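Whatever order the structure lists them in is the order used to number ligands and atoms, beginning at 1. Everything quoted here is computed from the prediction, not taken from an experiment. Basis for what follows: all heavy atoms, side chains included, without hydrogens, waters or symmetry-related copies.
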Amino acid sequence: MNNILAIDGPSGVGKGTIARIMAQKLGWHLLDSGAIYRAFALAVDARRVDITDEVALEAVAINLDLTFKTEAESELVSVFLDGKDVSKVLRTEQTGEMASKIASIGVVRAALLKRQKDFAQAPGLVADGRDMGTVVFANAPFKVFLTASAQERAKRRLKQLQAQGTMGIMSHILAEVVARDERDSSRKNAPLKPADDALIIDTTELSIDEVLNQVSELVTK
Ligand code: DC
């Protein structure tokens, strides 16, 4: 399957929004790989698995009972873990933090690899994450790496939280964004970095439409 658009970048850059709209526009499937790491972190937490126990972590990853359901009307994706809707708790900063920590473990990444690759189905796939263009879909013909200043990403994250009716404090969010960047970029296994052949777009000063135009142009070229 050659129709793959990989969209990578740091937390809060807006990858999810761009990926969702691009998937709608192209009529392709969507993989939110961060949701897999987040759900995995929730499963590990619920089972009280010791995160230094790699055998136990691998077993949780292999047996992860995870499904994505897209609402026909809103196109919003609900995530079910062990048959329970975890969409809301999945998106919290706390879950993101747990996911980021646990995602640095090599055996976890290896065990979740096939699950991600299986999303590559006709007519095409838009995949967002940290290592879509470098590892999971290293042969993808279309690769984008989105960046933005940490300040701007924290601002976007705060807006997103407010839209969900959740309180947030700018200085805390900024500190979390910076800490997560540091952890995701400095890890040994599949660190956050642009693929050599990725189109790098600094979105700090760009609107969603302007980013979409650049990504669309890449895919249609
Ligand atoms: O994109 P996100 O914020 O939902 O991702 C949550 C964490 O999961 C992120 O901080 C690092 C990890 N992650 C990863 O290591 N590789 C991916 N492809 C996607 C997410």
Rounded to the nearest 0.5 Å, what's the gap from [atom1] on [X] to [atom2] on [Y]? Could you check?
{"X": "Q24", "Y": "L30", "atom1": "CD", "atom2": "CG", "value": "9.0 Å"}
{"X": "R156", "Y": "I173", "atom1": "CZ", "atom2": "CD1", "value": "14.0 Å"}
{"X": "L112", "Y": "L64", "atom1": "CG", "atom2": "CG", "value": "7.0 Å"}
{"X": "L174", "Y": "I169", "atom1": "CG", "atom2": "CD1", "value": "13.0 Å"}

>> Applying the side chain to side chain contact (heavy atoms under 4.5 Å, CB included) criterion to I208, which one of L206, V211, L212 satisfies it?
In response: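 The residue from L206, V211, L212 that satisfies side chain to side chain contact (heavy atoms under 4.5 Å, CB included) with I208 turns out to be L212.
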State the atoms of ligand 1, each with its element, that fall below the 4.0 Å cut-off from a heavy-atom position in [X].
{"X": "R109", "result": "14 (C), 15 (O), 16 (N), 17 (C)"}
{"X": "S33", "result": "17 (C), 18 (N), 19 (C)"}
{"X": "A99", "result": "7 (C), 8 (O)"}
{"X": "G129", "result": "18 (N), 19 (C)"}
{"X": "M132", "result": "18 (N)"}
{"X": "D184", "result": "9 (C), 10 (O), 11 (C)"}

> R187 near ligand 1, heavy-atom distance under 4.0 Å?
Replying inline: yes
Identify every side-chain donor-acceptor pair in residues 102-109 under 3.5 Å, counting partners at least two apart or on other chains, and give the distances.
from, atom 1, to, atom 2, distance (Å)
S104, OG, K101, O, 2.8
R109, NH1, A103, O, 2.7
R109, NH2, Y37, OH, 3.3
R109, NH2, D131, OD1, 3.4
R109, NH2, D131, OD2, 2.9

Which residue supplies the protein heavy atom nearest to [atom], what is that atom called, and how far is it?
{"atom": "atom 1 (O) of ligand 1", "value": "R130 NH1, 2.8 Å"}
{"atom": "atom 8 (O) of ligand 1", "value": "Y37 CB, 3.6 Å"}
{"atom": "atom 4 (O) of ligand 1", "value": "R38 NE, 2.6 Å"}
{"atom": "atom 20 (C) of ligand 1", "value": "G34 CA, 3.6 Å"}
{"atom": "atom 12 (C) of ligand 1", "value": "A103 CB, 3.7 Å"}

> Between S185 and R130, is a side chain to side chain contact (heavy atoms under 4.5 Å, CB included) present by the stated rule, with each step listed?
Replying inline: CA-CA 9 Å; S185 314; R130 303 289 187 291; over 6 Å; no
> Taking both backbone and side-chain atoms of D131, is any N or O found less than 3.5 Å from an N or O belonging to ligand 1?
Replying inline: yes
> So, is R180 polar-close to ligand 1, with some N/O to N/O distance under 3.5 Å?
Replying inline: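 Yes.
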